[in-house]
Peer 1: 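The following block contains the structure, expressed as structure tokens.
We number each residue from 1, following the sequence as shown.
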Amino acid sequence: MTRWLDAAAVASTFLAFAGSAYGATHYVRAAGADVGDCTSVATACATVQYAIVQHRIAPSSDDVIDVGPGTFVENVDATAPDDDGLEIR
């Protein structure tokens, strides 16, 4: 019984860290809205800066901001230490 519990504890710890191994993708689309976390095309942000703010809530150096087609006229600040490694494409 103890061995099974130990294995379960190790597995749950591994899964907790495995889930954070990959960064989030925040989507920006012309028809988006600056609400929520923007982590799907269906819930995309309207601005790049709002996506950066969402990234900073739980930053990872593997995070990506995926900007869809369109023209986005805005001033963007991605110079915070949390933005190191952030890819905007």
Side-chain angles (χ1 to χ4, degrees):
M1 181 75 154
T2 302
R3 288 185 185 187
W4 183 83
L5 291 175
D6 290 342
V10 169
S12 65
T13 301
F14 173 75
L15 291 174
F17 286 107
S20 62
Y22 300 101
T25 299
H26 301 279
Y27 296 88
V28 179
R29 299 294 186 264
D34 286 342
V35 296
D37 63 8
C38 311
T39 56
S40 74
V41 173
T43 62
C45 302
T47 63
V48 174
Q49 189 60 50
Y50 186 83
I52 291 171
V53 170
Q54 295 309 300
H55 144 76
R56 289 177 181 162
I57 292 172
S60 169
S61 61
D62 296 331
D63 284 354
V64 172
I65 296 178
D66 184 310
V67 181
T71 301
F72 301 86
V73 179
E74 57 185 294
N75 293 317
V76 175
D77 176 18
T79 60
D82 286 341
D83 301 334
D84 288 348
L86 174 65
E87 179 181 351
I88 301 174
R89 59 175 186 214

Peer 1: Quick one: CG on Asp77 to CD on Gln49, what's the gap to the nearest 0.5 Å?
Peer 2: 6.0 Å
Peer 1: Please tell me whether Val64 and Phe72 are part of a single hydrophobic cluster in this structure, the criterion being side-chain heavy atoms less than 4.5 Å apart.
Peer 2: no
Peer 1: Can a donor-acceptor pair be found, under 3.5 Å and without considering hydrogens, that links the side chain of His26 to the backbone of Tyr50?
Peer 2: no
Peer 1: Do Leu86 and Tyr27 belong to the same hydrophobic cluster, where Ile, Leu, Val, Met, Phe, Trp and Tyr are linked whenever their side-chain heavy atoms lie under 4.5 Å apart, directly or via other members?
Peer 2: no
Peer 1: Could you state the interatomic distance from CG (Asp63) to CG (Asp83), rounded to the nearest 0.5 Å?
Peer 2: 9.5 Å
Peer 1: Are Val41 and Val67 linked, directly or through other ILVMFWY residues, by side chains that come within less than 4.5 angstrom of each other?
Peer 2: no
Peer 1: Rounded at 0.5 Å granularity, tell me how far OG1 in Thr47 sits from CD in Glu74.
Peer 2: 5.0 Å
Peer 1: Using side-chain heavy atoms (C-beta onward) and a distance below 4.5 Å, is Asp62 in contact with Tyr22?
Peer 2: no
Peer 1: Asp84 versus Ser61: any side-chain heavy-atom pair under 4.5 Å?
Peer 2: no
Peer 1: So, taking the atom named CD1 in Ile65 and the one named SG in Cys45, what distance separates them when rounded to the nearest 0.5 Å?
Peer 2: 7.5 Å
Peer 1: Of the non-hydrogen atoms in Ile52 and Ala78, which two are nearest, and what is the gap between them?
Peer 2: CD1-CB, 3.9 Å
Peer 1: Are Thr25 and Asp66 linked by a side-chain donor-acceptor pair shorter than 3.5 Å?
Peer 2: no
